[in-house]
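The structure appears below as structure tokens.
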Amino acid sequence: MTLQLADKALNPPVLLAPMAGITDRPFRDLVMRFGAGMVVSEMVASQEMVQAKPGVRERAELSADVENTAVQLAGREAHWMAEAARQVADRGARVIDINMGCPAKKVTNGYSGSALLKTPDHALTLIEAVVEAVDVPVTLKTRLGWDDSLLNAPDVARRAQDAGICMVTIHGRTRCQFYKGNADWSAIRTVKEAVSIPVIANGDIVDTNAARAALDRSAADGVMVGRGAQGKPWVLAQICHDLYGAKAPVIPTGDNLVEMVRAHYQSMLEFYGSDLGLRVARKHLGWYMDEAGTPAALRRSVLTSRDTDEVLRLLGDALAAQGEVAA
């Protein structure tokens, strides 16, 4: 199944969710190598992007030849959103995604992210500014509403479509739910019924069974995977294979898994520099070791070492349990 975003095709419609501090360039590249319809950058603050605050442009770094990559922008002022969209488009972004779903207090307290659900008229000015600023497709990611008394995603999606948004992703929770409880995939169906553009279901989609159930209940056109990809960058490709007949991923085990994790680790060191890269990598290494069933003492040694060569050596033993668990 192929989704069309203006002149961009998503095939299959299985997307990597934007996750702060996680979906950086090294992780996006790894997920795309296994296979995914689209990967989305971690959220980039628009004003900080334009003003070149340290670390912000690195989060949006793209190669001009990277297909099906979106950069997600957040903000509360149309001027900064439009300027940031122009900059990332000029640097190679193929798709711009607008964040209206982040529930974090530091974002919503600044009237950005899911706080925009409380001011849809203002939110529309941001959407219109971004759509007018760039020639690439613009998409929107949001939630069911602010809380149970303001479930306005269908209306927001309809107005966004009229303003030129070409796809909307709905996380099946309200902002006030944060990530508690279960995502309500059935509620996403009301958004699907309100628009003619593609709708993507998000929230609690961690494997093929969850993806199939989400599509059935929501009638959505595709799925977005977030936390399910942590420690399993191949899970999107597996869903693509199971649901859409794409080529099956070769899921690494044994020495191949160690080689993949070491390569991911080294790519983070190269991307961020050794000091910051070592810290950023710890969460990813932790997730890989969660999957492998690494003994606690060895896990602690990997995550506390400040010697990158030592970490590379330890990973062989740390991930060895994965083959035993799989067997």
Side-chain angles (χ1 to χ4, degrees), residues 15-23 40-48 59 70-78 80-81 96-128 130 138-161 163 165 167-195 197 199-206 210 214 217-218 220 223-228 230:
L15 292 68
L16 176 66
M19 294 180 282
I22 299 170
T23 54
V40 186
S41 75
E42 56 186 314
M43 179 183 69
V44 177
S46 57
Q47 183 172 348
E48 286 81 350
R59 288 199 289 273
V71 174
Q72 188 184 75
L73 298 177
R76 64 181 182 274
E77 296 182 29
W80 295 118
M81 289 288 286
I96 305 294
D97 187 60
I98 297 174
N99 182 306
M100 280 181 56
C102 180
K105 289 183 179 179
K106 67 179 181 180
V107 175
T108 58
N109 286 348
Y111 306 105
S112 299
S114 56
L116 291 168
L117 286 164
K118 297 194 294 184
T119 56
D121 289 345
H122 176 63
L124 195 66
T125 68
L126 308 185
I127 292 170
E128 291 171 341
V130 173
V138 180
T139 62
L140 176 70
K141 187 173 190 294
T142 188
R143 289 183 168 230
L144 297 175
W146 176 258
D147 57 22
D148 289 340
S149 67
L150 185 60
L151 299 173
N152 59 344
D155 181 61
V156 168
R158 188 185 306 109
R159 296 180 69 183
Q161 173 183 266
I165 290 293
M167 184 179 76
V168 60
T169 299
I170 303 293
H171 184 113
R173 291 181 174 87
T174 65
R175 182 272 174 183
C176 290
Q177 282 181 274
F178 287 87
Y179 297 98
K180 297 177 182 177
N182 298 317
D184 187 352
W185 299 322
S186 297
I188 297 173
R189 185 180 287 263
T190 62
V191 179
K192 176 61 182 172
E193 293 170 348
V195 298
I197 56 176
V199 173
I200 303 297
N202 176 228
D204 297 347
I205 299 172
V206 297
R217 295 180 199 173
S218 67
V223 295
M224 178 174 278
V225 179
R227 288 171 287 176
Q230 294 172 355

Is there a donor-acceptor contact under 3.5 Å from the side chain of [X] to the main chain of [Y]?
X	Y	value
Arg189	Arg217	yes
Glu42	Gly21	yes
His122	Arg76	yes
Ser112	Thr108	no
Ser114	Cys102	yes
Arg158	Val195	no
Arg227	Val206	no
Asn152	Leu117	yes

Mind checking what makes side-chain contact (heavy atoms from CB on, under 4.5 Å) contact with Asp184, not counting sequence neighbours?
Leu144, Ser186, Ala187
Using 0.5 Å steps for rounding, measure from the [atom1] atom of [X] to the [atom2] atom of [Y].
X	Y	atom1	atom2	answer
Ile96	Thr139	CD1	OG1	8.5 Å
Lys118	Asp121	NZ	CG	15.0 Å
Asp204	His171	CG	NE2	6.5 Å
Leu16	Ser41	CG	OG	10.0 Å

Do [X] and [Y] have side-chain heavy atoms sitting under 4.5 Å apart?
X	Y	answer
Asn99	Lys141	no
Met43	Pro18	no
Thr23	Gln72	no
Gln161	Val168	no
Thr142	Ile170	yes
Arg159	Ile127	no
Trp185	Val223	no
Thr169	Asp97	no

Do you know which two heavy atoms are closest between [X] and [Y], and how far apart they sit?
X	Y	answer
Gln177	Arg173	OE1-CA, 3.3 Å
Gly75	Ser46	CA-OG, 3.7 Å
Ala194	Pro154	CB-O, 3.8 Å
Val156	Pro120	CG2-CB, 4.3 Å
Gly226	Ala17	CA-CB, 3.7 Å
Asp147	Cys176	CB-SG, 3.9 Å

Run the side chain to side chain contact (heavy atoms under 4.5 Å, CB included) check on Met100 and Leu126 step by step: do they pass?
CA-CA 10 Å; Met100 280 181 56; Leu126 308 185; over 6 Å; no
Does Arg143 count as lying over the ring of Tyr179, i.e. NZ or CZ under 6.0 Å from the six-ring centre, within 45 degrees of the axis?
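Arg143 over Tyr179 ring: yes.
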Which of these passes side chain to side chain contact (heavy atoms under 4.5 Å, CB included) with Met167: Ile197, Leu140, Leu15?
Leu15
